[in-house]
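Quick notes on the structure that follows.
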Amino acid sequence: MENKEIARILDEIADLLEIKGVPYKPIAYRRAAETVNSLSQPVEDLKPAEIMKLPGIGESITNKIVELNETGHLPYFEELRKGCPIDFESLLAVEGVGPKTVKLLYQSLNIKDLDDLEEMAKHHQLRRIKGMSEKKEKNILENIKYARKTTRHLLGYMLPLAREIKAKLEEFNPVMRVEVAGSIRRRQETIGDIDILVVTDNPHQVMEYFAAMDLVDRVIAKGISKSTVRLKADVNCDLRVMPEKSFGSALLYFTGSKEVNVEMRKISIKKGLKLNEYGLFRGDKMVAGGTEEEIFQELGIHYMEPELRQTVEDLEAAIRSELPPIIGYQDIKGDLQMHTTWSDGKNSLKEMAETARELSHQYIAITDHTGNLQVPKGISEDKIELQMREIDKLDSEIEDITILKGLEVNIDSDGKLEIKEEILKDLDVVIAGINSGYRQSREQLTDRIISAMENQYVNIIAHPTGRKIHKRSAYELDLDRIFQASVDTNTYLEVNSQPDRLDLKDVLIKKAVQNGCKLVIDTDAHSKERLNDIELGIATARRGYAEKKDIINTNNLRELTKLLDK
DNA sequence: GCCGTTTTCGGCCCGACTGTTTTCAGTCG
Ligand SMILES: Nc1nc2c(ncn2[C@H]2C[C@H](O)[C@@H](COP(=O)(O)OP(=O)(O)OP(=O)(O)O)O2)c(=O)[nH]1
Ligand SMILES: [Mg+2]
Ligand SMILES: [Mg+2]
C-alpha cells in the first residue's frame, strides 16, 4: 500500500478517535501519519523492526501498518468506522467545523458529507440543532464553497503575492517591521495560506488597514492581535501583530512548523522555562524573545534556518549540532538549463543572456530541446550548428557573462538519445531527460536513465522523477541504482526550479547527497522572467540539507568546466 | 499510543478569536 494511503488511514483513525472523545491517541496517530507521509521510501519496503524505529511509531501502529501492507485492510479501522461512515476530510475542511461539530451534525441530522451538509444548511435545518444558531448556519453555508476547493498553492506563485502584501504593509506608517512567516518562510513546495507578522505599537490601526487592503476579498476573523482574511487571489492570509520586544519569539512561533513549535515548547518545559509567541520565560521573567537567535541560544540549540524547521527530527539534529551549513542564496554562480525561441522558449538568446547577467550569473548554458517530439518542440538537427555559431557570436560580444553551448536531449523509450551523438561532442553541457513514455515499469525507467548516464557526453539528468505537483506523481524509479550510477559516471542530477516541478524534491535531495551524488540547480526557464525561479531550486536544495560543495554550479567557470568533462 | 541524560509510568504546547457563551467550549494558528 502507498505511503499516502496508509497515512490517510492513520489520520482517519485519529479523526474517529477524536470524535469518540478518546484523549491523546489522536495526537499519536497524527504524528505517525505525519512520519509515514514524510518518508522518502515506501514503508512497504521496510521491515517491521525498522518501522518500529520511526519517530512516533511504536508497537501498536507498526502492527497496523504491517497488516495493511500484507492484507490491504485493517479490522481495527473498519470496526471504528462502522459506527460512523463519515467523510471527515471534506467536512473538517469547512472553516469552523471541527470534530465536535461533525459529531453533532451526524448524530442530530445524519450528515455524512458536504452534500448532506449543504442540503441541510440550505433548508435551515442546522439552526434547529441545540447548540447551533442562524449565524453558525450562515457561516457554514458560506464556508462550504471554499471547502470544495481546498487545494494547496505552489510556492512559486505565493511568494510574489506574499512579498506584495509585505510591501503594502510597509507603506503604512505605524508598521515598524514586516516578515513573511509560516510555510512560505520555510519555503515548503506547496502553501496552505499566507502568514505575515507585523511589529507595531498600534495594533488597532494596523488591523483596520490590513482588512481594508485592495487585495482582500472578505474578512474571516479580526481581533486585536490576529486576523484572517480571504484574498481575491482565492487564498487565506493570516496576520499576526506583535510588539517589538516579542519579535523573535513571534517570528519563531509563526514560522513553525507546528511540530517544531510543540517540541521546542516541551524542551523549554524540561528546562524549567515557558515558551510562547511572547517570549521565553522563567516564571514571570522574560529571558529571551527579541530575536530568534537569542531563544535558540538560551535553549542551547544551534540556530536553525527556516527551511530546516520542518520536523521534530530536524530539531533533534540541531540539538545534536548535526545540521550542515546549507547552501546560501548567493552561492549559485550560473544557470545551466534554459530555453530560447530556437525551441519552445519565449525570449531570444540575447534577452536570456542579458537577464541572466542582471542576476549576476557568471555563466549560463543555453539548452534548447532537440528531438522529434511535438511537445516539447525541439530544434531540428540541421539548425543546431547554426545556433551554436550564434551562441559563440553572442558569447564573444557580451561582457561579464559566459554563454555555454548545450542541448536538452530526449531519452527515448529504449534509453537511447534522440540525437546523432557526434553533434554532442562539441557542446559544453548535455542534459538528458525523459519527456515521453512515462508509463513503463520501474525497472525499464531506471534502465533508461542509467543508459543515458552511461553516455560519455551526458552531464545532467533533467527532472529525474518527472513529477508535476497537482498534475502527475513521480514515476517509480530504483533510486539507489540511479544514485550509484550518478556517482560512477559523473552524471549530475538536476534540481529543476520550475514551480510545479522542484525535481529532485527535498527528501530525495537529502538521500542523493547522503549517497555522494553531486547536483545542479537550474531554472529550466522558458522566458527571461522565470530565470528568477533559481531561488526556488536553491530553497529546495536547502530543505534537502545540500551544502555548497554538493552543487556543481556553485563553482567558478573554470572548475565547472572540469566537472563537465566526463 | 508514544516516549524517556532527572522518568518504563505519567505526562502529552499554549494562546487568540468567535459565539455554541455570561464564565466557557470549540476551533484555529
Ligand atoms: N505552538 C503552535 N503553533 C502553531 C500551531 N498551529 C500552527 N502554529 C504555528 C506554526 C505554523 O507554521 C504557523 C502558521 O500556521 P499555518 O496553519 O498557516 O501552518 P503553515 O504555514 O506551517 O502551513 P500551511 O502551508 O499554511 O498549511 O503557526 C499549534 O497548534 N501550536
Ligand atoms: Mg500557513
Ligand atoms: Mg496560517
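A, B, ... follow the sequence lines: proteins, then strands. Residue 1 opens every chain.
Summarising the geometry, the separation between CD1 on Ile27(A) and P on dC14(B) is reported as 12 Å, rounded to the nearest angstrom. The distance between atom NZ of Lys270(A) and atom C1' of dT7(B), rounded to the nearest whole Å, is 10 Å. Atom-to-atom, CD of Glu263(A) to P of dC12(B) comes out at 13 Å; the value is rounded to the nearest Å. Rounded to whole Å, atom C1' of dT6(B) lies 17 Å from atom NZ of Lys266(A). Spacing between atom OH of Tyr29(A) and atom P of dC2(B) amounts to 7 Å, rounded to whole angstrom units.
Judged by distance alone, the side chains of Tyr545(A) and Lys511(A) never bring a donor and an acceptor atom under 3.5 Å apart. If you check the side chains of Tyr76(A) and Asn63(A), you find no donor sitting under 3.5 Å from an acceptor. Between the side chains of Asp533(A) and Thr523(A), no donor-acceptor pair of N or O atoms lies under 3.5 Å. Looking at Ser133(A) and Arg127(A), their side chains never bring a donor and an acceptor atom within 3.5 Å of each other. Checked by atom type, the side-chain pair Thr540(A)/Asp506(A) shows no donor-acceptor distance below 3.5 Å.
dG29(B) and dC13(B) have their C1' atoms separated by 12 Å, given to the nearest Å. Comparing the same atom, C1', in dA16(B) and in dC9(B) gives a spacing of 34 Å after rounding to whole Å. A gap of 31 Å separates the C1' atoms of dT18(B) and dG11(B), to the nearest Å. Distance check on atom P: dC17(B) versus dG10(B) gives 38 Å, rounded to whole Å. Nucleotides dG15(B) and dT8(B) place their C1' atoms 33 Å apart, quoted to the nearest Å. Comparing dT21(B) with dG26(B), their P atoms sit 11 Å apart, to the nearest whole Å.
Residue contacts for Ile57(A): at a heavy-atom cut-off of 4.0 Å it reaches the sugar-phosphate backbone alone, with no base atom in range. Within 4.0 Å (heavy atoms only), Pro55(A) reaches sugar-phosphate atoms of the nucleic acid but no base atom.
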Report task. Produce a footprint string for nucleotides 19-29 of chain B: one letter per nucleotide, 5' end first; B if the base is under 4.0 Å from any protein heavy atom, S if only the sugar-phosphate is, - if neither. Result -> SB-----SSSB
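Contacts classified as ring pair (Phe, Tyr, Trp, His ring centres under 6.0 Å) and involving residues 201-257 of chain A (residues at least two apart or in different chains) are given here: Phe172(A)-Tyr209(A).
The listed nucleotides are dG1(B), dC14(B), dA16(B); the one nearest the side chain of Asn276(A) is dC14(B). Among the nucleotides dC17(B), dA16(B), dC12(B), the one closest to the side chain of Ala221(A) is dC17(B).
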Show the atom names and distances, to 0.1 Å, of all donor-acceptor pairs under 3.5 Å that link a side chain in residues 296-305 of chain A to residues at least two apart or in another chain.
unit_1	atom_1	unit_2	atom_2	d
His302(A)	NE2	Ser321(A)	OG	3.2
Tyr303(A)	OH	Glu292(A)	OE1	3.4
Tyr303(A)	OH	Arg309(A)	NH2	3.3
Glu305(A)	OE1	Arg542(A)	NH2	3.1

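Contact annotation: Tyr278(A) side-chain N/O to dA16(B) OP1/OP2 distance is under 4.0 Å. For dG15(B), one of the phosphate oxygens OP1 or OP2 lies less than 4.0 angstrom from a side-chain nitrogen or oxygen of Lys274(A).
At a threshold of 4.0 Å, the pair Arg30(A)-Glu34(A) does not count as salt-bridged, since none of the basic side-chain nitrogens sits closer than that to a carboxylate oxygen.
With its glycosidic angle more than 90° from 0, dT22(B) adopts the anti conformation.
Applying the Watson-Crick and G-U wobble criteria (two distances, each under 3.5 Å), dT8(B) pairs with nothing in any strand.
Along DNA chain B, the nucleotide nearest to Lys64(A) and the one nearest to Met207(A) differ in position, and the one closer to the 5' end is contacted by Lys64(A).
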